[in-house]
Undergrad: 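Here you go, one structure.
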Amino acid sequence: MEFSKTAGKPIRCRGGGRRPPKPHEVRVKIICTSLCHSDITFWKLKDPPGYFPRILGHEAVGVVESVGDGVDEITEGEIVIPVFLADCGECADCKSKKSNLCSKLPFKISPWMHRDETSRFMDLNGETLYHFLFVSSFSEYTVVDVAHVVKVDPAVPPNRACLLSCGVSTGVGAALKTANVEAGSTVAIFGLGSIGLAVAEGARLSGASRIIGVDMNPDKFEIGKKFGVTEFVNPASCTQKSLSEVIKEMTDGGADYCFECVGLASLVQDAYACCRMGWGKTVMVGVDKPGAQVSFSSFEVLTSGKILTGSLFGAFKPKSDIPILVKRYMDKELQLNEFVTHEIKFEDINKAFDLLIGGNCLRCVIWMNK
């Protein structure tokens, strides 16, 4: 598959070559994939870490077509979810319960495979095509390091399983694991896109008594109610008071947990300001543009007693936690169906971009052969 060499231009799908998996690698035939805002962010980038021509896509599910030497945990024919975050199972970090950040294969924005920094894709002329987030799922076949692949129950519908490859897992985990939201607590979520609604779902599962959604789109409140959102604030309506003043009045001092789910430095500061002094925790979940910075008053950080932390993939360890999420979905505890608003064929992939950019969908599932 060859993609537009110009950032932000429509994607073109063409035939191309694929190289076989090397040691510790798996070649996966993609069943379906879904579009995430991170794909759009990097699709628009004109400079590194934006690289072209590139095969985007990182939320997917597929079947193992072949494996390279040294791959023992996965065999041909098994259903797998590729994940941008490595889980090697060998390093101190992967063995620890304190972190999901693999130190052997650390997360980075790279156009290559993780171990040897080369590509497994080429166009019809033999020219190299770049990888994206170690997954590159907008292709009939992809090659992924075994540390980035999770085996799942084949009974789970593929158009639901693919959601656990990034967005839903990230949001749910941010509430369940990163923040460790407690029953009866108050939560404020800034941005009710798919990630923010997944945070709401995690907060609902945790037993939060109040889940306040903050979004510029008033239609998001009705959508949010499906995931446990109990109250809604439109910042555009806060004309007499600041957003933080409104949230603090609503919560008698500030929310116990605040989640920034858009990827804006200014919104991180708003979320932090809305967090309760003494024990409030603010979690950064949204992906901002490379190079964006957040600044705070050192005196406020010292004296407020608040916590600010990031959450990559919701602090979940892919190989152990994704199967748990699959089971919770199959047991009708975790909502996934409600996230899928559109399903299209792969040849119509540009429609998915239009829908997400226009704010007209949550997750659009893209089928490879349907």
Side-chain angles (χ1 to χ4, degrees), residues 1 3 11 26 28-43 54-63 79-87 100 107 109 131-145 148-152 156-174 193-199 201-202 261 263 285-287 311-314 316 318-319 321-323 325-326 329 334-346 348-353 355-357 361-370:
M1 299 297 171
F3 289 81
I11 289 176
V26 177
V28 178
K29 182 177 182 180
I30 299 297
I31 299 173
C32 60
T33 182
S34 49
L35 180 65
C36 174
H37 266 289
S38 296
D39 294 306
I40 293 176
T41 297
F42 284 88
W43 170 64
R54 181 178 228 166
I55 299 181
L56 295 167
H58 65 286
E59 286 189 351
V61 64
V63 59
I79 302 299
V80 294
I81 292 176
V83 184
F84 70 90
L85 193 68
D87 186 354
N100 70 332
F107 174 75
I109 309 296
H131 289 251
F132 181 61
L133 293 180
F134 309 114
V135 175
S136 292
S137 59
F138 293 168
S139 173
E140 185 179 4
Y141 289 88
T142 188
V143 177
V144 186
D145 192 285
H148 289 271
V149 175
V150 179
K151 182 168 59 176
V152 295
V156 62
N159 58 345
R160 300 298 180 260
C162 64
L163 305 182
L164 299 175
S165 190
C166 178
V168 172
S169 296
T170 295
V172 170
S194 293
I195 300 295
L197 293 172
V199 170
E201 176 68 0
C261 302
V285 189
V287 180
S311 182
L312 191 61
F313 199 63
F316 280 144
K319 290 184 184 291
D321 286 320
I322 286 180
L325 293 178
V326 168
Y329 167 71
L334 173 68
Q335 298 184 102
L336 290 180
N337 299 345
E338 292 75 8
F339 285 96
V340 179
T341 54
H342 298 79
E343 299 192 36
I344 63 174
K345 298 178 180 179
F346 185 50
D348 298 322
I349 189 170
N350 287 299
K351 292 182 181 179
F353 278 73
L355 287 166
L356 195 57
I357 292 172
C361 78
L362 293 179
R363 274 298 186 265
C364 182
V365 173
I366 304 162
W367 289 89
M368 284 295 163
N369 295 294
K370 190 174 182 180

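The structure displayed is predicted, hence computed values, not measured ones.
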Undergrad: State, yes or no, whether a side-chain contact exists between Y141 and K29 at a heavy-atom distance under 4.5 Å.
TA: yes

Undergrad: For a 4.5 angstrom cut-off between non-hydrogen side-chain atoms, does F316 reach D87?
TA: no

Undergrad: Take N369 and E140 through the test side-chain contact (heavy atoms from CB on, under 4.5 Å) and record every step on the way to the result.
TA: CA-CA 9 Å; N369 295 294; E140 185 179 4; 4.3 Å; yes

Undergrad: F353 and W43: side-chain contact (heavy atoms from CB on, under 4.5 Å), yes or no, with the steps?
TA: CA-CA 10 Å; F353 278 73; W43 170 64; 3.7 Å; yes

Undergrad: Would you call H342 and D348 a side-chain contact if the rule is heavy atoms closer than 4.5 Å?
TA: no

Undergrad: Is any side-chain heavy atom of V172 closer than 4.5 Å to a side-chain heavy atom of L334?
TA: yes

Undergrad: Could you check whether any side-chain heavy atom of T341 comes within less than 4.5 Å of a side-chain heavy atom of L355, counting everything from C-beta outward?
TA: no

Undergrad: Just verifying a value: how many Å separate I366 CD1 and C32 SG, rounded to the nearest 0.5 Å?
TA: 9.5 Å

Undergrad: Considering all heavy atoms of both residues, which atom of D39 and which atom of F132 are nearest to each other, and what is their separation?
TA: OD1-CE2, 3.1 Å

Undergrad: For R363 versus I195, what's the shortest heavy-atom pair and its separation?
TA: NH2-CD1, 4.5 Å

Undergrad: Of the non-hydrogen atoms in T33 and E59, which two are nearest, and what is the gap between them?
TA: OG1-O, 2.5 Å

Undergrad: Using modelled atom types only, decide if a donor and an acceptor are shared between the side chain of S136 and the backbone of T142 within a distance under 3.5 Å.
TA: no

Undergrad: State whether the side chain of K151 and the backbone N or O of I79 hold a donor-acceptor pair below 3.5 Å, judged by distance alone.
TA: no

Undergrad: Determine, stepwise, if the pair I109 / F42 fulfils side-chain contact (heavy atoms from CB on, under 4.5 Å).
TA: CA-CA 10 Å; I109 309 296; F42 284 88; 3.5 Å; yes

Undergrad: Between L356 and L362, which heavy-atom pair has the shortest distance, and what is it?
TA: CD1-O, 3.7 Å

Undergrad: Taking the side chain as C-beta and beyond, is there a heavy-atom pair between F339 and L197 under 4.5 Å?
TA: yes

Undergrad: For a 4.5 angstrom cut-off between non-hydrogen side-chain atoms, does L35 reach F138?
TA: yes

Undergrad: How close do S139 and I55 get, counting heavy atoms only, and between which atoms?
TA: CB-CG2, 4.0 Å

Undergrad: Determine the minimum heavy-atom distance between H148 and F84, stating which atoms define it.
TA: CE1-O, 3.1 Å

Undergrad: Walk me through whether N100 and L85 qualify under side-chain contact (heavy atoms from CB on, under 4.5 Å).
TA: CA-CA 8 Å; N100 70 332; L85 193 68; 3.3 Å; yes

Undergrad: Quick one, S194 and V168 - any side-chain contact, counting heavy atoms below 4.5 Å?
TA: no

Undergrad: Only pairs under 3.5 Å count here: list side-chain donor-acceptor contacts from residues 156-166, not counting sequence neighbours, and write none if there are none.
TA:
unit_1	atom_1	unit_2	atom_2	d
N159	ND2	E343	OE1	3.4
N159	ND2	E343	OE2	3.1
R160	NE	N337	OD1	2.7
S165	OG	H58	O	3.0
S165	OG	A60	N	3.4
S165	OG	P82	O	2.4

